[in-house]
**Student:** 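My questions will all concern the structure given below.
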Amino acid sequence: MIFSNILIYFVVIPLVMLGGLFLCRSMNQIRTVAVIGSTALLALSIYLMFDFLHLRAAGADDIMLYQGSWMWFEPLNIHLAVGVDGISVAMILLSAIIVFAGTFASWKITPLPKDFFLWLILLSTGVFGFFISIDLFTMFMFYEVALIPMYLLIGLWGTGRKEYSAMKLTLMLMGGSAFLLLGILGIYYHSAPEGGQLTMNLLEISANDAIDHNWQYFLFPITFVGFGVLGAMFPFHTWSPDGHASAPTAVSMLHAGVLMKLGGYGCFRVAIYLMPFAANELSWIFLILTGISVVYGAFSACVQTDLKYINAYSSVSHCGLVLFAILMLNNTAMTGAVMQMLSHGLMTALFFALIGMIYGRTHTRDIRQMGGLMKIMPFLAVCYVIAGMASLGLPGLSGFVAEMTIFVGSFQNSDVFHRTFTIVACSSIVITAVYILRVVGKLLFGPVQDEHHLQLTDATWWERFSTITLIVCVAGIGCFPNWIAGLLHDSFVPIIEVLTK
């Protein structure tokens with residue numbers, strides 16, 4: 001029975017929310033459906049995490065737990081196949097937290113609030129479905145479901161050059177999807193040994209080990225690029241700053257916090273896990289590109305004056321670190337990559353929430369037109385300082401734990417090439433400190449630039465609730481990282497095993 005599997009409810013709950021939103025007739029009803037649904041998803045993800053840890057402690061050593069498979073299209077052997085490991089559970093928990101916080105950050109969204117939440121929930125349906133899927137076809141289907149709503153969410157509810165940004169984002173991500181579809185079809189048609197049955201199941205494809213090395217040379221780059229576009233890998237990153245700058249607050253939170261993580265997750269779950277020979281042989285090419293992303297994104301953030309563009313280029317740098325760590329192909333660095341996904345997802349969602357709240361009051365994102373906000377809106381200002389400290393890697397917050405794990409793991413590769421690029425990537429820490437401290441000093445502690453800002457109010461209760469939720473999570477990872485290590489324990493073993501065959 002399909003509904004006996006807990007993972008299915010991560011898709012069922014958003015679908016029920018969509019049905020409930022269609023019936024809503026007032027703003028209070030819309031908020032009620034959104035809050036109940038997002039709370040249910042958060043509670044379910046927390047239960048999943050504890051139950052997963054319990055099963056692992058009890059000796060469950062399958063690669064994926066909670067597996068279920070139901071035939072969908074028999075001629076091509078396509079199944080609705082689900083299952084999770086520690087990495088998937090971490091990403092599901094991150095998604096649930098940001099959907100929950102984003103609901104409160106959108107408390108006063110206008111116009112067309114019902115339509116906004118409908119598209120936002122559809123986007124989250126795709127995200128959850130992607131992380132629970134272990135069939136390539138269903139994974140790709142949910143991937144597309146997560147991407148398509150972005151066009152309308154930015155084009156209708158965005159700001160600035162919203163139509164241009166929405167079209168640019170959609171076209172570039174659809175281009176990445178075309179590469180990805182080509183890669184998935186190539187994997188499918190080489191998924192079985194001679195005379196065997198073709199399959200879309202990730203675990204079966206890896207166990208068959210039937211993809212010829214020559215085909216891996218072709219399929220690995222296009223699959224990695226397909227996912228890498230969403231991960232803002234250089235030079236395919238240009239959609240990201242414009243998209244983030246024009247998106248409404250909750251969309252920016254979900255997009256930077258979760259959607260970009262689909263790229264990194266897909267890179268090691270599909271490209272590296274299924275084509276380990278090509279990953280070992282060709283990873284150096286993409287290591288160069290991701291190294292450029294890390295440094296280029298940080299330098300670009302230094303010269304921006306728009307708060308959203310600063311955070312968008314910062315996201316290019318931090319997401320570049322995720323792909324950079326994955327390409328180091330060792331357990332420690334990959335663990336750091338997942339921790340960086342969690343850390344960046346939470347702190348960038350916090351950044352975009354705060355920027356939206358500040359913009360809603362000042363009606364500007366230009367730091368040259370703002371100053372002295374610490375005495376005008378002290379709660380929002382303190383939260384912004386905390387987000388900035390997490391971004392530059394202050395010990396005790398999530399950024400420090402994630403980046404230290406990445407750099408320690410990266411330096412475990414003893415050859416000159418890998419260690420040189422590790423040192424180059426480390427330089428981003430200094431650059432990040434420069435633009436974070438510059439913005440904090442100018443925005444919060446400088447003289448007030450506009451006397452009208454003296455009349456502004458501080459955060460409302462729903463804004464405080466949203467930001468405190470994210471801050472608690474950022475501090476929780478920074479102070480107590482062992483629970484993540486326990487969650488991820490052994491999750492990379494199957495990937496490392498195929499890489500070292």
Side-chain angles (χ1 to χ4, degrees), residues 2 7-8 11 62-64 67-85 87-88 126-148 173-231 262-283 286 326 494-495 497-499 501:
I2 187 171
L7 300 182
I8 293 299
V11 175
D62 293 340
I63 296 175
M64 295 282 183
Q67 286 191 54
S69 183
W70 302 272
M71 179 61 71
W72 196 345
F73 188 63
E74 191 170 357
L76 294 180
N77 195 28
I78 294 173
H79 292 70
L80 175 59
V82 298
V84 292
D85 62 0
I87 306 163
S88 311
V127 168
F128 285 113
F130 180 85
F131 287 131
I132 66 174
S133 296
I134 56 173
D135 181 277
L136 286 174
F137 179 84
T138 52
M139 183 180 282
F140 181 76
M141 181 195 72
F142 282 118
Y143 182 88
E144 293 300 301
V145 169
L147 295 185
I148 292 170
L173 294 185
M174 288 298 106
S177 296
F179 277 98
L180 188 55
L181 179 60
L182 186 61
I184 287 174
L185 290 175
I187 292 169
Y188 171 70
Y189 283 110
H190 296 85
S191 62
E194 192 71 30
Q197 186 178 24
L198 298 177
T199 179
M200 289 274 189
N201 189 288
L202 285 167
L203 303 181
E204 293 176 5
I205 295 170
S206 179
N208 290 338
D209 192 22
I211 305 177
D212 181 77
H213 289 179
N214 291 328
W215 274 104
Q216 287 192 32
Y217 272 120
F218 171 70
L219 295 174
F220 175 80
I222 60 175
T223 306
F224 198 95
V225 167
F227 282 116
V229 171
L230 187 54
L262 271 60
Y265 181 88
C267 281
F268 65 73
R269 181 70 80 207
V270 178
I272 292 176
Y273 183 47
L274 301 185
M275 292 169 285
F277 176 79
N280 278 311
E281 295 293 318
L282 303 178
S283 62
F286 296 100
I326 290 169
I495 299 175
E497 285 179 350
V498 298
L499 285 169
K501 276 186 180 178

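Predicted model, so just to flag it, every value in this text is computed and none were measured.
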**Student:** The test is side-chain contact (heavy atoms from CB on, under 4.5 Å); show your working for Val11 and Val82 and say whether it passes.
**Tutor:** CA-CA 11 Å; Val11 175; Val82 298; over 6 Å; no
**Student:** Taking the ring centre of each residue, are Phe130 and Tyr265 less than 6.0 Å apart?
**Tutor:** yes
**Student:** Using side-chain heavy atoms (C-beta onward) and a distance below 4.5 Å, is His190 in contact with Leu198?
**Tutor:** no
**Student:** To the nearest 0.5 Å, what is the distance between CG (Leu202) and CD1 (Ile63)?
**Tutor:** 10.5 Å
**Student:** With side chains defined as the heavy atoms from C-beta onward, is the minimum distance between Leu80 and Met141 less than 4.5 Å?
**Tutor:** no
**Student:** Can you check whether Val229 reaches Phe179 side chain to side chain, under 4.5 Å on heavy atoms?
**Tutor:** no
**Student:** Do Leu136 and Tyr188 make a side-chain contact, defined as non-hydrogen atoms from C-beta onward lying under 4.5 Å apart?
**Tutor:** no
**Student:** What is the minimum heavy-atom distance between Ser283 and Asn280, and which atoms define it?
**Tutor:** OG-O, 4.0 Å
**Student:** Drop me the distance from Gln197's CD to Asn77's CG, to the nearest 0.5 angstrom.
**Tutor:** 4.0 Å
**Student:** For Pro221 versus Phe218, what's the shortest heavy-atom pair and its separation?
**Tutor:** CD-O, 3.3 Å
**Student:** Compare all side-chain heavy atoms of His213 with those of Glu281 and state whether any distance is below 4.5 angstrom.
**Tutor:** no
**Student:** Within the side chain of Asp135, is there an N or O that forms a donor-acceptor pair under 3.5 Å with the backbone of Ile78?
**Tutor:** no
**Student:** What's the verdict on ring-ring contact (aromatic ring centres under 6.0 Å, His included) for Tyr143 and Phe227, showing C-alpha distance, side-chain angles and the deciding distance?
**Tutor:** CA-CA 10 Å; Tyr143 182 88; Phe227 282 116; 5.8 Å; yes
**Student:** Do Phe277 and Tyr217 have their ring centres less than 6.0 Å from each other?
**Tutor:** yes
**Student:** Under 4.5 Å between any side-chain heavy atoms of Leu274 and Phe220, yes or no?
**Tutor:** no
**Student:** So, for Thr223 and Gly183, which heavy atoms are closest and what is the spacing to 0.1 Å?
**Tutor:** OG1-CA, 3.6 Å
**Student:** Give me the atom names and distance for the closest heavy-atom approach of Phe142 to Ser133.
**Tutor:** CD1-OG, 3.5 Å
**Student:** Check the side chains of Ser177 and Glu144 for a donor-acceptor pair under 3.5 angstrom, ignoring hydrogens and angles.
**Tutor:** yes
**Student:** Hey, is the main chain of Thr199 close enough, under 3.5 Å, to the side chain of Ser191 for a donor-acceptor pair?
**Tutor:** yes
**Student:** Got a second to check how far Leu185's CG is from Phe140's CZ, nearest 0.5 Å?
**Tutor:** 8.5 Å
**Student:** Please enumerate all residues that pass side chain to side chain donor-acceptor pair (under 3.5 Å) together with Tyr273, with sequence neighbours excluded.
**Tutor:** Ser206
**Student:** Would you name the heavy atoms of Ile132 and Leu7 that are closest together and state the gap between them?
**Tutor:** CD1-O, 3.4 Å
**Student:** Can you tell me how far the CG atom of Asp62 sits from the CG atom of Asp85, to the nearest 0.5 Å?
**Tutor:** 11.5 Å
**Student:** Just how far is it from atom CG of Leu76 to atom CZ of Phe137, taken to the nearest 0.5 Å?
**Tutor:** 8.5 Å
**Student:** Is any side-chain heavy atom of Val498 closer than 4.5 Å to a side-chain heavy atom of Asp209?
**Tutor:** no
**Student:** Determine the minimum heavy-atom distance between Ser69 and His79, stating which atoms define it.
**Tutor:** OG-CD2, 3.2 Å
**Student:** Looking at side-chain heavy atoms only, is the closest gap between Met200 and Ile184 below 4.5 Å?
**Tutor:** yes
**Student:** Could you state the interatomic distance from CG (Asn201) to CE (Met64), rounded to the nearest 0.5 Å?
**Tutor:** 9.0 Å
**Student:** Walk me through it: do Ile187 and Trp215 pass the test side-chain contact (heavy atoms from CB on, under 4.5 Å)?
**Tutor:** CA-CA 9 Å; Ile187 292 169; Trp215 274 104; over 6 Å; no
